[in-house]
Asks: 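One structure coming up, written as structure tokens, with questions to follow.
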There are 2 protein chains.
Amino acid sequence: MAFVALTQHDNEQILSQLIDESIIVDPQSPKGRLLGTAATLFRDRGFDKTTVRDLAKAIGIQSGSLFHHYPNKQEILKQVMQQAILLNIRRVEMALSLNHTIKDKLLALILCEFQALILDTSAHISVLVFEWRALNEENQTIMLELRDEYEQYWIDILAQAQQQGMINIDHYILRRLLNGAINWSLNWYKPNGDLSLKQLANMTLQMVLNNHATTK
Amino acid sequence: MAFVALTQHDNEQILSQLIDESIIVDPQSPKGRLLGTAATLFRDRGFDKTTVRDLAKAIGIQSGSLFHHYPNKQEILKQVMQQAILLNIRRVEMALSLNHTIKDKLLALILCEFQALILDTSAHISVLVFEWRALNEENQTIMLELRDEYEQYWIDILAQAQQQGMINIDHYILRRLLNGAINWSLNWYKPNGDLSLKQLANMTLQMVLNNHATTK
DNA sequence: TGAATAACCAAGCAAGCGCTTGGGGTGACT
DNA sequence: AGTCACCCCAAGCGCTTGCTTGGTTATTCA
């Protein structure tokens with residue numbers, strides 16, 4: 001009954017399944033490469049400071065040709081974010097199903113969120129976190145609905161953790177504190193340093209757990 | 001020996017003293033009003049999406065007249081951020097001097113940071129947190145030096161807290177988690193809701209404290 | 001009272017921006 | 001063989017951007 005993390009193979013399988021279901025565009029296709037390149041540029045330079053000419057040049061096409069794939073720049077931003085959430089919802093669902101104690105499920109959520117920020121979806125998720133305000137109002141509403149779906153998994157687990165006495169502050173507020181703590185890692189965590197993501201996730205878990213209840 | 005928070009009077013006195021020392025520009029002066037207006041606009045719309053025409057209109061002058069006060073838009077951003085840090089360093093120094101136990105000093109740091117984000121310096125600090133990447137490289141270096149000065153107060157207190165067994169994870173990492181958790185409050189905390197900043201600060205403290213050591 | 005300095009206006013320039021237009025090439029399927 | 005979708009190019013339009021220029025008015029202080 002030890003903690004189980006998603007393997008790279010798990011992640012790839014989830015991805016290819018979502019491609020089959022036409023929920024996510026194949027990163028190999030022209031549209032997919034466009035979104036991937038856009039995600040990287042938006043993360044590195046910001047949405048506003050990335051021009052359609054920058055993006056087109058990075059892909060190797062003319063700037064006008066972008067608008068064959070997407071009607072405008074805003075839509076590209078929306079797609080980058082949407083794909084990021086949809087993929088990570090699936091990953092969270094699978095990670096939760098692989099673990100059975102509340103403590104392990106909580107650790108799974110924390111680790112998933114760190115991985116989403118740092119590993120293969122890093123560019124997309126970074127954009128989601130830091131370029132939120134570049135979304136127009138209509139798209140913000142759409143993304144909020146998707147985020148709520150994702151957040152529900154957190155709230156459920158945290159509510160149970162509170163019932164069991166594992167945490168001792170309001171679980172809605174705890175989620176927000178945790179969300180900030182984890183998202184902020186984008187600003188400082190170095191993937192090739194001494195600290196692994198699993199270690200970081202464990203430390204984060206330890207920070208929030210009521211120590212009386214967690215000596216196992 | 002109960003916890004002591006800064007009063008509004010304390011904060012005002014610190015401000016006027018910094019004006020006297022010419023470290024901060026008087027918010028009543030033209031330059032000061034310009035910075036305050038800029039801070040608000042930069043927070044609400046983002047730096048890139050705030051045009052010099054927007055800013056000038058909000059102040060009530062022509063857009064070209066802005067450049068009588070500051071040589072370019074980037075310099076305005078830098079000043080907004082710099083003033084924010086300089087003021088809050090002073091506030092932290094005073095808040096620390098008013099409290100004597102490590103636990104109270106830690107609570108003071110947490111509360112100060114929440115207050116900086118939410119209360120009178122909200123606009124300036126929000127810009128500092130969320131418009132960091134709009135700074136050019138040179139200015140980022142300058143601001144980093146100032147931030148280090150501020151961070152040193154946190155590191156000192158957290159190191160002592162760790163020595164006393166009040167916290168049980170690496171204090172450098174804890175600072176980053178806490179920094180993220182607190183900064184993120186900008187995205188959700190409502191100043192006029194049921195939750196006061198003191199309550200929120202207390203909950204945050206409770207989250208990080210090793211519960212064995214804190215039953216007082 | 002006179003001179004310096006600070007605060008501002010009116011007009012506009014050069015560059016960069018998102019996006020449009022009209023067309024051409026290519027491969028897949030019928 | 002024909003056609004239809006897909007993918008892309010070349011050129012540039014209309015607009016907004018940060019900032020400049022040359023000059024006017026208000027304020028301060030010797």
Side-chain angles (χ1 to χ4, degrees), chain A residues 19 22 24-42 44-81 127 131 133-140, chain B residues 19-20 22 24-81 127 131 133-140:
Chain A
I19 295 172
S22 297
I24 279 188
V25 284
D26 187 350
Q28 311 291 336
S29 72
K31 282 197 178 193
R33 277 187 295 113
L34 194 162
L35 288 185
T37 310
T40 306
L41 288 177
F42 291 168
D44 293 344
R45 311 184 191 178
F47 178 72
D48 289 315
K49 286 194 172 166
T50 303
T51 70
V52 292
R53 287 167 179 83
D54 290 336
L55 177 53
K57 192 175 180 183
I59 303 171
I61 60 175
Q62 294 295 106
S63 67
S65 305
L66 287 177
F67 300 95
H68 163 74
H69 298 284
Y70 295 100
N72 49 55
K73 193 185 167 194
Q74 170 75 205
E75 183 65 21
I76 298 176
L77 176 65
K78 178 196 168 187
Q79 290 299 328
V80 166
M81 293 183 174
V127 172
E131 299 297 331
R133 296 189 325 179
L135 274 183
N136 64 29
E137 217 170 325
E138 181 188 350
N139 285 336
Q140 281 193 8
Chain B
I19 295 171
D20 287 346
S22 297
I24 280 187
V25 284
D26 188 349
Q28 311 292 337
S29 71
K31 283 196 177 194
R33 276 188 296 115
L34 193 161
L35 288 184
T37 311
T40 306
L41 288 177
F42 292 167
R43 177 191 58 183
D44 293 344
R45 311 184 190 178
F47 178 73
D48 290 316
K49 286 194 172 165
T50 303
T51 69
V52 293
R53 287 168 179 79
D54 291 336
L55 177 52
K57 192 176 180 184
I59 303 172
I61 60 176
Q62 294 296 105
S63 67
S65 305
L66 287 177
F67 301 94
H68 162 75
H69 298 284
Y70 294 100
N72 48 56
K73 194 185 166 193
Q74 170 76 206
E75 182 66 21
I76 297 175
L77 177 64
K78 178 194 166 187
Q79 290 299 328
V80 165
M81 293 184 174
V127 172
E131 299 297 331
R133 295 189 326 181
L135 272 183
N136 64 29
E137 217 169 325
E138 182 189 349
N139 285 337
Q140 281 194 8

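A note on names: the letters A, B, ... follow the listed sequences, proteins ahead of strands, and every chain is numbered from 1.
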Asks: Measure the CE-CZ distance between B:Met81 and B:Phe42 for me, rounded to the nearest 0.5 Å.
Replies: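 Answer rounded to 0.5 Å: 9.0 Å.
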Asks: Looking for any heavy atom pair under 4.0 Å, which part of the strands does B:Thr50 touch: base, sugar-phosphate only, or nothing?
Replies: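 Sugar-phosphate only.
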Asks: What's the CZ-C1' distance between A:Arg53 and D:dT17, to the nearest Å?
Replies: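 It is 14 Å, rounded to the nearest whole Å.
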Asks: Starting at CZ of A:Phe67 and ending at P of D:dC7, how long is that distance when rounded to a whole Å?
Replies: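 About 17 Å, once rounded to whole Å.
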Asks: How many whole angstroms separate atom CD1 of A:Ile59 from atom C1' of D:dC8?
Replies: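 That distance rounds to 12 Å.
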Asks: It should be established whether A:Ser65 places a side-chain nitrogen or oxygen under 4.0 Å from OP1 or OP2 of nucleotide D:dC9.
Replies: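 Yes, because at least one side-chain N or O of A:Ser65 sits under 4.0 Å from OP1 or OP2 of D:dC9.
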Asks: Can you measure from CD1 (B:Ile61) to CG (B:Leu66) and round to the nearest 0.5 angstrom?
Replies: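 Reported value, rounded in 0.5 Å steps: 4.5 Å.
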Asks: Tell me: NE2 of A:His69 to P of D:dA5, nearest whole Å?
Replies: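 Between P of D:dA5 and NE2 of A:His69: 17 Å.
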Asks: For B:Lys49, I'd like to know if atom NZ has over 12 heavy atoms of other residues, nucleotides or ligands within 6.0 Å.
Replies: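 Atom NZ in B:Lys49 is crowded, with more than 12 foreign heavy atoms closer than 6.0 Å.
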Asks: Between B:Gln62 (CD) and D:dT24 (P), how many Å, whole number?
Replies: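 Atom-to-atom, B:Gln62 to D:dT24, this comes out as 17 Å.
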Asks: In whole Å, what is the span from the CD1 atom of A:Ile61 to the C1' atom of D:dA10?
Replies: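 Between C1' of D:dA10 and CD1 of A:Ile61: 14 Å.
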Asks: Starting from C1' on D:dG18, measure out to CG on B:Asn136 and report it in whole angstrom.
Replies: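 Atom CG in B:Asn136 sits about 15 Å away from atom C1' in D:dG18.
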Asks: Starting at CG of B:Leu41 and ending at P of D:dG18, how long is that distance when rounded to a whole Å?
Replies: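 Spelled out: CG on B:Leu41 to P on D:dG18 is 12 Å.
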Asks: Under 6.0 Å from the ring centre and within 45 degrees of the ring axis: does the NZ or CZ of A:Lys78 meet both conditions for the six-membered ring of A:Tyr70?
Replies: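 No; the conditions do not both hold, so A:Lys78 does not lie above the ring face of A:Tyr70.
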Asks: Strictly below 4.0 Å: does B:His68 bring a side-chain N or O up to OP1 or OP2 of C:dA7?
Replies: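 Answer is yes, contact under 4.0 Å.
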